Amino acid sequence: GTAEDLESLDRDAMQRDEANDTVALTIFLFLFLFGCLFVFSTALIITFVIKFGVIEFTAVSVLCFIVLVGGWLLAKSIIEESKMQHAKKTIVYWKEVTKAVIIEEMQRFKSEWNEHF
C-alpha cells in the first residue's frame, strides 16, 4: 500500500527531475552554441568590413540572403511535393474505385431496368 505508493511517487519525481535536468542541459548547450556562432559571425563580419568595406559586405550579405531564401523556398516546395505525392496517389486510387463502383451500379440499374420494362 502506502510504502509502494511513496516509492512510486519518489520514482516519478526522480524521473521528472532527470527529465528537467536533461532539458536544461540541452537548452544550455544550444545557447552556448548560438553564443559561439554569434561571436564567430561578429568577428567574421568585422574582419570582412575592415578588409573589403561596407558596400562589399552589404552586397555579399544581400546575395547570401537571396541564396538562403531561395534555397529554403526550393527545399520547402520539394518537401511539400513529396508530401503531396501520397495524397495524389490516394486521390487517383479513390477515383478509380469510385468509377468502378459507379459503372457497376449503372450496369446493375440497366439490367434491372431491362428486366422490368
Side-chain angles (χ1 to χ4, degrees):
T2 309
E4 292 172 358
D5 291 340
L6 288 175
E7 287 179 20
S8 173
L9 288 174
D10 285 342
R11 276 194 304 267
D12 291 344
M14 286 175 55
Q15 287 176 348
R16 270 195 306 275
D17 288 343
E18 289 175 8
N20 287 339
D21 290 344
T22 304
V23 169
L25 178 64
T26 305
I27 290 171
F28 176 75
L29 289 175
F30 276 110
L31 286 174
F32 180 74
L33 173 70
F34 286 120
C36 289
L37 286 174
F38 177 74
V39 169
F40 178 72
S41 64
T42 303
L44 191 67
I45 288 170
I46 290 170
T47 305
F48 190 90
V49 168
I50 288 172
K51 189 170 186 177
F52 296 107
V54 176
I55 294 175
E56 287 82 2
F57 170 72
T58 305
V60 169
S61 298
V62 168
L63 289 175
C64 288
F65 179 76
I66 290 171
V67 167
L68 286 174
V69 170
W72 177 74
L73 290 174
L74 181 65
K76 183 179 174 188
S77 66
I78 289 171
I79 290 170
E80 291 293 322
E81 180 67 24
S82 67
K83 286 181 183 176
M84 293 303 292
Q85 285 298 94
H86 178 68
K88 288 177 185 176
K89 288 178 185 175
T90 305
I91 290 169
V92 167
Y93 170 75
W94 282 110
K95 179 182 171 188
E96 294 299 320
V97 168
T98 306
K99 189 164 86 173
V101 168
I102 289 173
I103 290 172
E104 184 180 315
E105 286 296 320
M106 287 176 62
Q107 289 172 347
R108 188 177 306 152
F109 180 76
K110 267 186 183 178
S111 66
E112 287 180 8
W113 182 269
N114 289 337
E115 287 176 8
H116 294 297
F117 296 105

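Throughout, residue positions are numbered sequentially from 1 according to the sequence presented. Quantities reported herein were computed from a predicted structural model and do not represent experimental measurements.
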Say you draw a straight line from CD1 of Ile78 to NZ of Lys76; how long is it, rounded to the nearest 0.5 Å?
-> 13.5 Å
Atom NZ of Lys88 with >12 non-hydrogen neighbours under 6.0 angstrom = yes
Within-4.5 Å side-chain heavy-atom neighbours: Gln15 and Asp12 | yes
Quick one: pull up CZ in Arg11 and CD in Glu18 and give me the separation to the nearest 0.5 Å.
-> 12.5 Å
Hydrophobic cluster membership, Leu29 vs Phe38, 4.5 Å side-chain cutoff = no
Going by heavy atoms in the side chains, are Leu33 and Leu37 under 4.5 Å from each other?
-> yes
Is any side-chain heavy atom of Ser77 closer than 4.5 Å to a side-chain heavy atom of Leu74?
-> yes
Check whether Phe52 and Val54 end up in the same hydrophobic cluster, where Ile, Leu, Val, Met, Phe, Trp and Tyr are linked by side-chain heavy atoms less than 4.5 Å apart.
-> yes
Find the distance between OG1 (Thr58) and CG (Leu63) and round it off to the nearest 0.5 Å.
-> 11.0 Å
Is atom CG of Leu44 surrounded by more than 12 heavy atoms (other residues, nucleotides or ligands) closer than 6.0 Å?
-> yes
Determine, stepwise, if the pair Val49 / Ile45 fulfils side chain to side chain contact (heavy atoms under 4.5 Å, CB included).
-> CA-CA 6 Å; Val49 168; Ile45 288 170; 4.2 Å; yes
Distance, nearest 0.5 Å, that separates SG of Cys64 from CZ of Phe57 | 9.0 Å
In plain terms, say whether Arg108 and Glu104 are close enough for a salt bridge, that is, a side-chain N and a carboxylate O under 4.0 Å apart.
-> yes
Measure up the Trp113 and Phe109 rings against each other and bin them: parallel (under 30°), tilted (30 to 60°), perpendicular (over 60°).
-> tilted
Side chains of Val60 and Phe48 in contact at under 4.5 Å (non-hydrogen atoms) | yes
